[in-house]
Undergrad: 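This structure is in structure tokens; I'll ask about it shortly.
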Amino acid sequence: MQWKQVVLPRHAARRLEVIIDLSDMLEETPAGRYIPKAYEPAYVEEKWYRFWLDNKLFHAHADSGKEPFTIVIPPPNVTGSLHLGHALNNSLQDFIIRRKRMQGYEALWLPGTDHAGIATQNVVERKLAEEGLTRQEIGREAFVERVWEWKKKYGGNIIRQLKRMGCSCDWDRERFTMDAGCSRAVREVFVRLYEEGLIYQGYYIVNWCPRCHTAISDIEVEHEELEGKLWYVRYDIKDSEDYFYVATTRPETMLGDTAVAVNPRDHRYHQLVGKTAVLPLLGRELPVIADDFVDPEFGTGIVKVTPAHDPNDFEMGKRHDLEEINIFTPEAVVNEGGGPYAGLERYEARNAVVRDLEKIHYISKVETHHHAVGHCYRCHTVIEPYLSKQWFVSMKALAEPAIEAVEVERTGFVPSRWEKTYFEWMYNIRDWCISRQLWWGHRIPAWYCRECGEVIVSREDPERCPCGGELKRDPDVLDTWFSSGLWPMSTLGWPDETEDLRFFYPTTVLVTAFDIIFFWVARMMMSGLHFMGDVPFYQVFVTALIRDESGKKMSKSSGNVIDPLEVIDHYGADALRFTLGHIAVPGRDVFLPEERIAGSRHFCNKIWNASRFTLMNLEGFDAGAVREEELDLTLADTWILSALSGLIQRMDQHCEAYNFSEACRALYEFFWSDFCDWYVELSKLRLYGSHEADRRTAQYVLWTVLERALRLLHPFMPFITEEIWQRLPHQGESITRAPWPRPRPELVDEEAEKDMNVLREIITCMRRLRAEMGIKPSKLTSALVIDMAGDRNALLERYMDYIISQARLSSLDVVRKVEDPSSYARGLAAGVEVFIPLDSEDFSEELERIERELAKLEDESRRFKAKLSNDQFLSKAPQEIVQKERRKLADVMLKMDRLKEQLELLGGS
RNA sequence: GGGCGUUUAGCUCAGCGGGAGAGCGCCUGCCUUACAAGCAGGAGGUCGGCGGUUCAAAUCCGCCAACGCCCACCA
């Protein structure tokens, strides 16, 4: 037997030291037996997750005959560990899928992980470095072997963490972007696109990371606004005394200059075009060309052209057939092309060039200059535009159907404004550099013949070239996003026509953060349409990003992370999930304060205790034996059932709109304020009363409301709801498969809701009077009420016990007139005047209260009067609004009237 | 250089055309037998600024300011 001291907050610990028998807690506890006083998530979460898995409750079947509802997970990096972004994103997916499962859909949430090329390679390289090794030393094959070993050992980390969150994924279908199936899909896509001429190889300027030693795509470059310098450098004109200045931010690249350019419409420099300039320091001769690209406004209006080291200059070089001189090694060290500067690192080279130019007085001025500098998204090294041979996907043709699919709303974004972002990128799409000079990833299926130079791209590894020559495989691998871009197809079995693919494709909704719309969403759209002939998903639900208090994206490097697992340890998974749901307002980034999580834990505890109360009072109750139509429902019963029905309707609206924030709010409000604060309290009147029938009715309603509420809560708080569900007396097995509640419009009773509100207002008013007069809660007091509205008498008489119990009265009399009003404190609520006897002669506090109240009412009445004396308002506003304003004014006037009278009686001014 | 978002109570945020809301914090009183991780009551806001539309604006439109984000090949 295991014993554990439970840590309680200070004030609780003061009162009791609880020692809980752990084995008892983990045991199935039938109704009525010992239930701990506080909800302890640690004791229930693991138990139920195992139960769900053991009973295959998350497993979907392609042949069930039900309607499919599919979500594929945005695959987290295998190297990843769960951060709040994952926690939010996956909680939202779980909210959706758990509800759909309850609604009776064949709900599939397909999980998996991404091999994450650079990230994973970096991790394993660091591991090697600890052993004093490099990947070059151990060789490619051994290195890849090491990565697989690493993946086997640590790759399950994030999956375990998702399980702790309670994610209801179909783990039998778990996939990995480099498993056999996904790899086959990748290869098939590559070959087909190549055969269609949409994949090509070429010698272009690409974004090169000198640290990762690989090309990266345009969107993998992060631009950062930096303060740099603008040097004005003198270039002489050949065989002349004349010279001119060009402005440059990167003087070291002049080592690769092969021309100088001006704008053809720039009259200042007409005479220069066609002449030859001389490159300072190196003496290379450069033609002066005219090109529209040049902006006459910038710098001197003359630009140096370095085709091998600047994307614009590269284009210009192609247009003017300029020589491309590469001056850097892959490490961004100057190579032999840089003459005397060879061997210098790029920034050393910059300093050296500037120093040498200054020596000969060829720099006229230096300005500070703000410009965006590209950085590698993985290691944050400054990107070098670098000339190299790479593989590209031609995007224009693929983008067109993807644009159209969103235009005709085959796929829609939620919130819809993200469509603009999507279109913007799609319309300006550029070809995608897909080759990476890495070892970890899908190797490009291209072979080169050593004899004839033939390029072979093939589904099967070829033995030899048709010419008989020996083949050498392309050493590069594909961009990670190439495989994740196929995720909705490849995970369901494509290119085979599997049952899963037929049944679950297209998936229903994709849940993702906006920062990967370009990387991922757009590419899945393109591949899905191209290869499946249909969109990969009907909806894209774009979630918030979680930021820290200064608005920054949470990231390990900024040290501003909240670790979701620590949160789970402290507060429980349900508290974390509910908080995330609560703050996830659509279309807005969020900040997560820890106090909010504590608040959700309190809510868990509230649910726990309300359930405990219900269970403690269900003795002898048999839900199956109850005939609803035979129940003698009282006002509280019809009211709470009506409110519940309204809640269910709102829940459906909010959930369908992915507005989980509103859904959580509605649940919280209903459960705490309506059910706990009022219904449970009022139910005690009947539970502890003498009539057996009353008790049965109260039990039934308590049980019904709790049971429905648990089902509504379940998608958000799976663990606590299952724990309680299993303790409730009913036939169902797991709440994960319990039907999602349907609204019952026949139970909506506006009359009951109105009456209940009247009673609540009266009770609150009495409590306020009591509190303001300092009547101790333990002291019962008498009270009188007068029905001023004229139609409340029956209600007051009938539900006197509600008022007496909730306002802690000794007696309540409904009267027409009060004999000695000056000995009472008075209030007015819902058209009923309330009198509580004053037990002291000191009226000063009461007088003060009245004065304050009067001042407020005076203000209000002025506003209503102004409005109601405005002809425009009376004629143009809808009649119901006018009526409402009239009623409000009447109400205020009545209140003022009563207060003034009281003031006089008490002898105030 | 384009585009987007935010600005409401001390803090974090809902509300987005008809009487200013929540949680936390704060003040007062309660160990009322489901819950002190609780209960009851209370204080606290000219809804960033200016203009416009409207009978009516926190809410719609325009301009401005501050903060934040995304995109971008002016060297």
Side-chain angles (χ1 to χ4, degrees), chain A residues 8-12 14-15 35 37-39 205 218-219 223 230 246-250 253 261 293-295 297-299 302-306 310-315 369 371-372 374 385 417-418 420-421 424-425 428 430 514-515 517-518 545 547 549-553 582-583 585 587-593 595-596 598-617 661-662 665 668-669 676-677 680-681 684 764 767-772 774-778 806 808 860 863-864 867 870-878 880-882 884-885 888 892:
Chain A
L8 289 167
R10 226 179 329 111
H11 34 285
R14 174 166 45 95
R15 299 192 326 154
I35 306 167
K37 211 169 170 182
Y39 174 57
I205 285 259
D218 294 332
I219 50 175
H223 293 273
L230 191 60
V246 304
T248 179
T249 55
R250 300 194 55 195
T253 62
F293 165 77
V294 180
D295 175 4
E297 302 293 313
F298 189 90
I302 308 177
V303 61
K304 60 193 246 351
V305 183
T306 320
D310 182 282
N312 301 307
D313 295 3
F314 177 76
E315 297 294 328
H369 179 66
H371 60 149
R417 72 183 151 81
W418 290 108
K420 195 175 171 183
T421 307
E424 203 54 41
W425 192 66
N428 299 307
R430 291 190 288 155
F514 74 84
D515 56 347
I517 288 180
F518 305 143
L545 229 49
R547 324 200 95 105
E549 55 260 74
S550 59
K552 296 238 158 45
K553 209 165 139 174
H582 212 264
I583 62 171
V585 175
R588 208 188 194 286
D589 289 346
V590 291
F591 159 61
L592 183 132
E595 308 86 69
R596 283 297 271 268
S600 297
R601 181 181 54 175
H602 296 175
F603 186 42
C604 288
N605 208 237
K606 196 69 180 173
I607 295 168
W608 184 253
N609 277 294
S611 306
R612 203 157 73 97
F613 171 81
T614 303
L615 287 168
M616 284 163 65
N617 286 290
S661 176
E662 282 294 344
R665 258 178 259 276
Y668 187 95
E669 167 86 12
C676 292
D677 288 351
V680 165
E681 290 309 320
K684 291 174 185 172
T764 303
R767 286 169 174 170
R768 186 169 54 239
L769 292 176
R770 288 182 58 121
E772 276 166 0
I775 300 174
K776 293 262 177 236
S778 52
Q806 301 310 303
R808 305 189 69 80
E860 273 185 53
R863 278 207 336 259
F864 293 136
K867 217 171 192 179
N870 182 343
D871 291 340
Q872 297 276 9
F873 172 70
L874 295 177
S875 59
K876 293 199 178 171
E880 56 181 272
I881 297 293
V882 176
K884 219 167 146 190
E885 295 294 312
K888 284 190 246 169
V892 168

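Chain A is the first sequence line, chain B the second, and so forth, proteins listed ahead of strands; every chain is numbered from 1. Predicted model only: the values in this text are computed from it and were never measured.
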Undergrad: Check whether A:N609 reaches the backbone of A:N605 with its side chain - one donor and one acceptor, N or O, closer than 3.5 Å.
TA: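 Checking the backbone N and O of A:N605 against the side chain of A:N609, a donor-acceptor pair under 3.5 Å is found.
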
Undergrad: Taking the P atom of each, how far is B:A20 from B:U28, in whole Å?
TA: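 My reading of the P atoms in B:A20 and B:U28 gives 29 Å.
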
Undergrad: Would you classify A:N617 as touching base, sugar-phosphate or nothing, given that sugar-phosphate means primed atoms plus P, OP1 and OP2, and contacts are heavy atoms under 4.0 Å?
TA: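 Counting heavy atoms under 4.0 Å across all strands, no contact is made by A:N617.
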
Undergrad: Nearest whole Å is fine: how far is B:G2 C1' from A:W425 CH2?
TA: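 Taking atom C1' of B:G2 as the reference, CH2 of A:W425 is at 18 Å.
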
Undergrad: In this structure, how many angstroms lie between the C1' atom of B:A75 and the CD atom of A:E315, rounded?
TA: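 A:E315 atom CD is separated from B:A75 atom C1' by 15 Å.
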
Undergrad: Is A:A598 touching bases, backbone alone, or none of the nucleic acid, heavy atoms closer than 4.0 Å?
TA: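 Result for A:A598 = nothing.
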
Undergrad: Specify the residue among A:S778 and A:S661 whose closest nucleotide of RNA chain B lies further upstream toward the 5′ end.
TA: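 Result of the comparison: A:S661.
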
Undergrad: Looking at A:G299 and A:A247, what are the two nearest heavy atoms and their distance?
TA: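 What the structure gives for the nearest pair is CA-CB, 4.0 Å.
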
Undergrad: Sequence neighbours excluded, which residues qualify as salt bridge (charged side-chain N to carboxylate O under 4.0 Å, His left out) partners of A:D218?
TA: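 Counting only residues at least two positions away or on another chain, A:D218 forms a salt bridge (charged side-chain N to carboxylate O under 4.0 Å, His left out) with A:R430.
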
Undergrad: Take atom C1' in B:A56 and the same atom in B:G49, then report the distance between them in whole Å.
TA: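 The same atom, C1', in both gives a distance of 22 Å.
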
Undergrad: Please name all residues satisfying ring pair (Phe, Tyr, Trp, His ring centres under 6.0 Å) with A:F298, sequence neighbours left out, ordered by chain then number.
TA: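 Counting only residues at least two positions away or on another chain, A:F298 forms a ring pair (Phe, Tyr, Trp, His ring centres under 6.0 Å) with A:H369.
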
Undergrad: Please give, in whole Å, the distance from B:A75 P to A:D295 CG?
TA: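 After rounding, the reported distance stands at 10 Å.
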
Undergrad: Figure out the CZ/P separation between A:F293 and B:C74, and round it to whole Å.
TA: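 Taking CZ of A:F293 and P of B:C74, I get 8 Å after rounding.
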
Undergrad: Only counting residues at least two apart or in another chain, list the ones meeting salt bridge (charged side-chain N to carboxylate O under 4.0 Å, His left out) with A:R808.
TA: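 Scan of A:R808 (salt bridge (charged side-chain N to carboxylate O under 4.0 Å, His left out), adjacent residues dropped) gives none.
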
Undergrad: Kindly indicate whether the side chain of A:E681 and the base of B:A34 share any N or O donor-acceptor pair separated by less than 3.5 Å?
TA: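 It does, because a donor-acceptor pair links the side chain of A:E681 to the base of B:A34 below 3.5 Å.
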
Undergrad: Send over the distance from A:N609 CG to B:C39 P, rounded to a whole Å.
TA: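 Taking atom P of B:C39 as the reference, CG of A:N609 is at 10 Å.
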
Undergrad: State which of B:G42, B:A34, B:C13 makes the closest approach to the side chain of A:R612.
TA: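 Of B:G42, B:A34, B:C13, B:A34 is nearest to the side chain of A:R612.
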
Undergrad: Nearest heavy atom decides the nucleotide; on that basis, is A:L874 or A:V585 closer to the 5' end of RNA chain B?
TA: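 Nearer the 5' end of the strand: A:V585.
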
Undergrad: Using the C1' atoms only, state how far B:G42 lies from B:U7, rounded to an integer number of Å.
TA: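 To the nearest whole Å, 29 Å.
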
Undergrad: Ignoring backbone atoms, establish whether A:K684 has a side-chain N or O less than 4.0 Å from OP1 or OP2 of B:A34.
TA: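 Yes, because at least one side-chain N or O of A:K684 sits under 4.0 Å from OP1 or OP2 of B:A34.
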
Undergrad: Report all interatomic pairs (protein N or O, nucleotide N or O of nucleotides 17-22 of chain B) with separations under 3.5 Å.
TA:
residue: B:G19; atom: OP1; partner: A:K888; partner atom: NZ; Å: 3.2

Undergrad: Using a cut-off of under 3.5 Å, enumerate the N/O to N/O pairs linking the protein to nucleotides 3-6 of chain B.
TA:
residue: B:G3; atom: O3'; partner: A:K420; partner atom: NZ; Å: 3.1
residue: B:C4; atom: OP1; partner: A:K420; partner atom: NZ; Å: 3.4
residue: B:C4; atom: O2'; partner: A:R417; partner atom: NH1; Å: 3.4
residue: B:U6; atom: O3'; partner: A:R588; partner atom: NH2; Å: 2.8

Undergrad: Looking at B:A72, B:A34, B:A75, which one has an atom nearest to any side-chain atom of A:H223?
TA: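 Comparing B:A72, B:A34, B:A75 against the side chain of A:H223, the answer is B:A72.
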
Undergrad: Once side-chain contact (heavy atoms from CB on, under 4.5 Å) is applied, do any residues pair with A:Q872, and if so which ones, sequence neighbours excluded?
TA: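 Counting only residues at least two positions away or on another chain, A:Q872 forms a side-chain contact (heavy atoms from CB on, under 4.5 Å) with A:N870, A:K876.
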
Undergrad: Using a cut-off of 4.0 Å on non-hydrogen atoms, how would the nucleic acid contact of A:C604 be classed: base, sugar-phosphate, or nothing?
TA: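 Result for A:C604 = nothing.
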
Undergrad: Check side chain to side chain donor-acceptor pair (under 3.5 Å) between A:E885 and all other residues, then give those that pass, not counting sequence neighbours.
TA: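 Result, side chain to side chain donor-acceptor pair (under 3.5 Å) vs A:E885: A:K888.
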
Undergrad: Scan A:E662 against the nucleic acid and name what it touches under 4.0 Å (heavy atoms): base, sugar-phosphate only, or nothing.
TA: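 Sugar-phosphate: the residue A:E662, judged by heavy atoms under 4.0 Å, touches backbone atoms but no base.
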
Undergrad: I want to check one thing: is the phosphate of B:A75, taken as OP1 and OP2, less than 4.0 Å away from some side-chain N or O of A:H369?
TA: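 Yes, A:H369 has a side-chain N/O under 4.0 Å of OP1/OP2 on B:A75.
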
Undergrad: Looking just at side-chain N and O atoms, do A:S600 and A:R596 make a donor-acceptor pair shorter than 3.5 Å?
TA: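 No, no side-chain donor-acceptor contact under 3.5 Å.
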
Undergrad: Please report the distance separating the C1' of B:C24 from the corresponding atom of B:G19, rounded so that it comes out in whole Å.
TA: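 So the two C1' atoms sit 27 Å from each other.
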
Undergrad: Quick one: list whatever passes side chain to side chain donor-acceptor pair (under 3.5 Å) with A:E681, sequence neighbours left out.
TA: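 Per chain and number, A:E681 pairs via side chain to side chain donor-acceptor pair (under 3.5 Å) with A:K684.
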
Undergrad: Out of B:A36, B:C74, B:A34, which has the shortest distance to the side chain of A:K37?
TA: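 Looking only at heavy atoms from C-beta outward on A:K37, the closest nucleotide is B:A36.
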
Undergrad: Quantified in whole Å, what is the P atom distance between nucleotide B:G2 and nucleotide B:A43?
TA: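 So the two P atoms sit 50 Å from each other.
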
Undergrad: Can you name the side chain to side chain donor-acceptor pair (under 3.5 Å) partners of A:S611, sequence neighbours left out?
TA: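 So A:S611 forms no side chain to side chain donor-acceptor pair (under 3.5 Å) with any residue.
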
Undergrad: I'd like to know if the side chain of A:S661 and the backbone of A:I583 have a donor-acceptor N/O pair within less than 3.5 Å.
TA: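 No; judged by distance alone, with no hydrogens or angles, the pair does not exist.
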
Undergrad: On a whole-Å scale, what distance lies between the P atoms belonging to B:C16 and B:C55?
TA: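 It comes out at 23 Å once rounded to the nearest Å.
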
Undergrad: Checking A:R612 side chain against A:A38 main chain: does a donor-acceptor pair fall under 3.5 Å?
TA: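 Absent.
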
Undergrad: Taking atom C1' of B:A43 as reference, at what distance in whole Å does atom CZ of A:R768 sit?
TA: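 The answer, rounded to whole Å, is 14 Å.
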
Undergrad: At under 4.0 Å between heavy atoms, what does A:V680 touch on the DNA or RNA strands: base, sugar-phosphate, or nothing?
TA: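 Base, at least one base atom sits under 4.0 Å.
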
Undergrad: Rounding to an integer number of angstrom, what distance separates B:C11 and B:G45 when you compare their P atoms?
TA: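 My reading of the P atoms in B:C11 and B:G45 gives 13 Å.
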
Undergrad: Just the rounded figure in Å: distance from P of B:A40 to CG of A:L769.
TA: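 The distance from CG of A:L769 to P of B:A40 comes to 17 Å, rounded to the nearest Å.
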
Undergrad: If every non-hydrogen atom of A:P311 is compared with every non-hydrogen atom of A:I205, which pair is closest and at what distance?
TA: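 Heavy-atom minimum between the residues: CA-CG2, 4.1 Å.
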
Undergrad: Out of B:C13, B:C69, B:C55, which has the shortest distance to the side chain of A:F514?
TA: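 Selected nucleotide: B:C69.
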
Undergrad: Less than 4.0 angstrom between a side-chain N/O of A:K606 and OP1 or OP2 of B:C35, yes or no?
TA: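 For B:C35, neither OP1 nor OP2 has a side-chain N or O of A:K606 closer than 4.0 Å.
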
Undergrad: Who passes side-chain contact (heavy atoms from CB on, under 4.5 Å) against A:F514, sequence neighbours left out?
TA: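 Counting only residues at least two positions away or on another chain, A:F514 forms a side-chain contact (heavy atoms from CB on, under 4.5 Å) with A:W418, A:I517, A:V542, A:L545, A:D589.
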
Undergrad: In which stems does RNA chain B show up, taking only runs of three or more Watson-Crick or G-U wobble pairs whose two distances fall under 3.5 Å?
TA: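 Stem segments, range with range: B:1-7 with B:65-71, B:10-13 with B:21-24, B:26-30 with B:38-42, B:48-52 with B:60-64.
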
Undergrad: Any base atoms under 4.0 Å from A:V303, or only sugar-phosphate, or nothing? Heavy atoms, all strands.
TA: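 A:V303: base contact, heavy atoms under 4.0 Å.
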
Undergrad: Can you sort out the partners of A:T248 under side chain to side chain donor-acceptor pair (under 3.5 Å), two or more places apart, ordered by chain and number?
TA: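 A:T248: no side chain to side chain donor-acceptor pair (under 3.5 Å) contacts found.
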
Undergrad: Can you tell me, in whole Å, how much space there is between the P of B:G18 and that of B:A75?
TA: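 B:G18 and B:A75 have their P atoms separated by 49 Å.
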
Undergrad: Could you state the atom-to-atom distance from CG of A:L545 to C1' of B:C69 in whole Å?
TA: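 Taking CG of A:L545 and C1' of B:C69, I get 9 Å after rounding.
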
Undergrad: Applying a 4.0 Å non-hydrogen cut-off, can you work out what A:T764 is touching in the nucleic acid: base, sugar-phosphate, or nothing?
TA: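 Sugar-phosphate: the residue A:T764, judged by heavy atoms under 4.0 Å, touches backbone atoms but no base.
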
